[in-house]
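Only one structure is covered here, and it is reproduced in the block below.
All heavy atoms count here, side chains included; hydrogens, waters and symmetry mates do not. Within every chain, numbering begins at 1; the chains are lettered A, B, ... in the order of the sequence lines, protein sequences first and strands thereafter.
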2 protein chains.
Amino acid sequence: MKTVPRMPGAREVPSAATLKHVAERAGVSPITVSRALNKPAMVSADLRDRVRLAVDELGYVQNRVAGALASASSPVIPVVVPSLSNAVFVETIQGIQEVVQRAGFQLLLGNTEYDLDREHAWISTFLGWSPPGLILAGTRHQPRTRALIERWGRPVVEIMEVGAKPIDMNVGLSHGAAGAAMARHLLERGHANLLFAGCRIAEDYRAGQRFRGFDRALASFGAARRPPLTRNVPSSPALGGDMLVEALRLDPPPGAIFYANDDLAVGAILRAQREGIAVPGRVAIAGFNGLDISGLVTPGLTTIVSPRRAIGRIGAEKLLGAIEVGSPKVRRVDVGFELIVRGST
Amino acid sequence: MKTVPRMPGAREVPSAATLKHVAERAGVSPITVSRALNKPAMVSADLRDRVRLAVDELGYVQNRVAGALASASSPVIPVVVPSLSNAVFVETIQGIQEVVQRAGFQLLLGNTEYDLDREHAWISTFLGWSPPGLILAGTRHQPRTRALIERWGRPVVEIMEVGAKPIDMNVGLSHGAAGAAMARHLLERGHANLLFAGCRIAEDYRAGQRFRGFDRALASFGAARRPPLTRNVPSSPALGGDMLVEALRLDPPPGAIFYANDDLAVGAILRAQREGIAVPGRVAIAGFNGLDISGLVTPGLTTIVSPRRAIGRIGAEKLLGAIEVGSPKVRRVDVGFELIVRGST
DNA sequence: CTGAAAGCGCTTACAG
DNA sequence: CTGAAAGCGCTTACAG
């Protein structure tokens with residue numbers, strides 16, 4: 001392989017074909033090659049074919065970095081999420097991926113592990129890539145993060161929950177309303193001493209919003225309220241089972257448990273089954289998210305379906321729309337939720 | 001906000017602080033600012049502090065694109081996987097993320113949906129980002145893809161299965177050996193008429209390797225062999241249940257079913273429970289992957305644990321090692337697997 | 001430990 | 001529909 005000579009600004013790297021080489025081979029200018037590749041409609045069919053041929057012959061791979069520097073915009077969409085352990089975020093990312101990939105963008109993924117300092121670091125790094133827009137899970141950020149994004153000035157979509165004042169656009173659902181809906185359902189079913197159980201509900205503040213919506217609804221119905229049962233480790237089915245056992249030792253024992261998510265709730269049902277705890281006879285169990293497996297356990301899990309794939313898709317579509325034609329009229333989309341009642345309550 | 005004047009090569013964009021602005025403010029040269037940020041050890045503590053201060057005052061965000069172009073290398077690690085629906089790849093990605101993030105790299109994620117044309121497209125695009133290395137799930141690629149990567153010449157790790165001839169480095173396990181181990185176990189338990197059940201085992205060729213290892217082992221033990229039960233849709237717990245029902249209608253009905261993965265197998269156990277099918281009395285059930293939930297269903301699922309998080313971690317570590325100090329001696333790591341015997345067999 | 005010069009490989013308006 | 005010139009914001013060796 002050829003190497004470029006050592007000169008100021010040069011590095012010792014096998015020299016790959018560049019636009020210039022393709023242009024020479026096709027007998028056109030580099031500009032024409034650039035257009036044939038990026039805006040084929042602007043180039044005559046004849047030249048387009050000659051360029052295509054030269055590209056194939058040379059095995060030319062476009063240098064996206066140079067393109068991004070020259071155009072001050074990269075074909076990437078950064079997505080910042082708080083966790084990958086939770087299937088919800090993975091499915092949301094899939095929804096985003098579906099849409100942005102079709103539009104020729106790549107996904108840059110940042111995982112904050114529910115740490116707002118890390119969120120700031122990710123966003124700051126990502127902005128250095130000159131992306132045309134940004135997708136963030138959540139509406140809670142540090143003030144400096146918000147300031148950074150606002151100064152930056154390009155389109156942003158905050159997804160998952162609908163929040164008080166979005167930075168730009170916002171797609172999600174009301175977790176407070178979801179919690180309230182579950183409280184009403186459990187009371188209507190005649191359960192008493194309702195308990196909320198979740199993990200890290202300070203960091204996972206959407207779970208906290210569900211708890212507060214749940215708790216306020218209990219108050220409004222005049223039902224007994226109690227503090228949530230919490231653990232400071234990530235959710236898992238095994239933990240949901242442990243928390244069930246712990247909850248049943250409380251005095252009075254809960255007549256129903258509303259788990260912060262289906263991972264926990266499914267684990268509770270499996271544990272109940274294993275230990276012969278009657279559900280919902282002794283204790284009713286409900287979850288949140290509507291994971292596929294919630295319908296397969298016995299009894300089936302009553303849960304609330306969060307349309308997370310749709311959140312990803314709609315969020316990405318709004319972002320792409322704003323990138324292409326400027327920010328839209330509708331800044332907020334509440335995708336709602338659906339209560340699915342099954343045997344567990 | 002200020003905008004730059006319209007000139008050839010310039011775009012109408014609010015002008016953000018650049019290295020030059022930071023340099024002016026700190027009273028040093030841009031080179032020094034670059035070093036203070038990227039190689040702080042090369043700069044005196046005094047200048048480092050002045051630069052830091054200027055950076056904060058101006059809210060300077062490093063332009064990674066320009067840095068990548070100048071240095072012919074981006075701080076990104078592209079990762080190409082065949083699916084995100086499968087928890088296995090998500091956990092592998094988490095293992096990779098853990099390691100590369102600590103080293104200051106970002107993850108570029110490509111999902112091929114088990115389509116090798118899309119794999120080629122992703123890799124081709126990713127190479128245009130000048131990454132220092134590449135992580136690919138799988139060892140099967142189109143010849144043109146292999147040629148592209150080999151010409152490129154930087155470190156590559158192929159993960160998931162140990163394959164015949166890695167492009168560069170390889171971390172995974174032998175899926176054939178895993179299939180054989182499960183066949184031996186089921187035969188030792190006295191089960192007969194063993195059946196393999198999976199989805200899309202042509203595209204998901206690692207599942208195919210498990211089947212072939214399983215099938216060859218049956219042959220070597222003189223046990224009855226039969227074609228696999230397959231479906232041409234993605235795996236899911238619900239589908240595993242359906243396939244159980246279908247399998248039991250075969251003549252002769254299987255004494256044990258080895259599912260291609262735990263998603264299917266867990267679904268089969270839940271369905272068996274719901275329909276009162278005795279496991280393992282009427283039919284034994286086994287899976288592959290060792291998902292957490294496999295230990296929580298009743299009966300517990302016999303499965304093979306694939307150390308996927310470790311595969312991600314080790315793969316990323318090998319890649320970073322090769323990026324820093326050149327390709328290592330050990331090109332292949334077989335991480336092995338573990339058979340976990342529970343009540344379902 | 002610090003700096004001046006050159007260059008990375010593209011794309012952007014403008015003119016034709 | 002096509003092209004010449006300038007510039008994007010950094011980093012790389014080299015010299016001091």
Can you measure Leu69(B) atom CG to dC10(D) atom P for me and round it to whole angstrom units? 12 Å
Under 4.0 angstrom between Thr32(A) side-chain N/O and dG3(D) OP1 or OP2: yes
Please walk me through it: do Ile159(A) and Leu136(A) pass side chain to side chain contact (heavy atoms under 4.5 Å, CB included)? CA-CA 6 Å; Ile159(A) 56 173; Leu136(A) 307 179; over 6 Å; no
Arg64(B) (side chain) and dG9(D) (base): donor-acceptor pair under 3.5 Å: no
For atom CZ of Arg52(B), decide whether the heavy atoms of other residues, nucleotides or ligands shown that lie under 6.0 angstrom number more than 12. no
Within the distance-only criterion (no hydrogens, no angle test), does the side chain of Arg48(A) pair as donor or acceptor with the backbone N or O of Val43(A) below 3.5 angstrom? yes
Any salt bridge between Arg118(A) and Glu113(A), counting N to O under 4.0 Å? no
Please answer whether the main-chain N or O of Asp117(B) pairs with a side-chain N or O of His120(B) as donor and acceptor at a distance below 3.5 Å. no
Minimum-distance nucleotide (side-chain atoms of Ser29(B) versus dG3(C), dT2(D), dT11(D)): dG3(C)
Side-chain N or O of Ser71(B) closer than 4.0 Å to phosphate OP1/OP2 of dT11(D): no
Figure out the CZ/C1' separation between Arg35(A) and dG9(C), and round it to whole Å. 17 Å
Write down the distance between NZ (Lys20(B)) and C1' (dA4(C)), rounded to a whole number of angstrom. 13 Å
So, does Thr125(A) use its side chain to make a donor-acceptor pair with the main chain of Ala121(A) at under 3.5 Å? yes
When rounded to whole Å, the CD1 to C1' distance for the pair Ile31(B) and dC10(D) reads 11 Å
Taking only the side-chain nitrogens and oxygens of Ser44(A), find out if one of them lies under 4.0 Å from OP1 or OP2 of dT2(D). yes
Range-with-range stems for DNA chain C, at least three Watson-Crick or G-U pairs under 3.5 Å: C:1-3 with D:14-16, C:5-12 with D:5-12, C:14-16 with D:1-3
Taking the side chain from Arg331(A) and the backbone from Asp168(A), do they hold a donor-acceptor pair closer than 3.5 Å? yes
When rounded to whole Å, the CG to P distance for the pair Leu127(B) and dC10(C) reads 14 Å
For His21(B) and dC8(D), give me the distance from atom NE2 to atom C1', rounded to whole Å. 13 Å
Return the value, rounded to whole Å, for the distance between atom CG of Leu19(A) and atom P of dC10(C). 4 Å
Rounded interatomic separation in angstrom, taking CG from Leu37(A) and P from dT2(D): 14 Å
Earlier contact from the 5' end, DNA chain C, for Val65(A) and Gly27(B): Gly27(B)
Give a yes or no on this: more than 12 heavy atoms of other residues, nucleotides or ligands lie within 6.0 Å of atom CZ of Arg309(A). yes
Output the residues of residues 51-63 of chain B in contact with DNA chain D, where contact means a heavy atom of the residue under 4.0 Å from an atom of the strand; sort by number or write none. Tyr60(B), Asn63(B)
Hey, does the side chain of Glu161(A) reach the backbone of Thr139(A) with a donor-acceptor pair shorter than 3.5 angstrom? yes
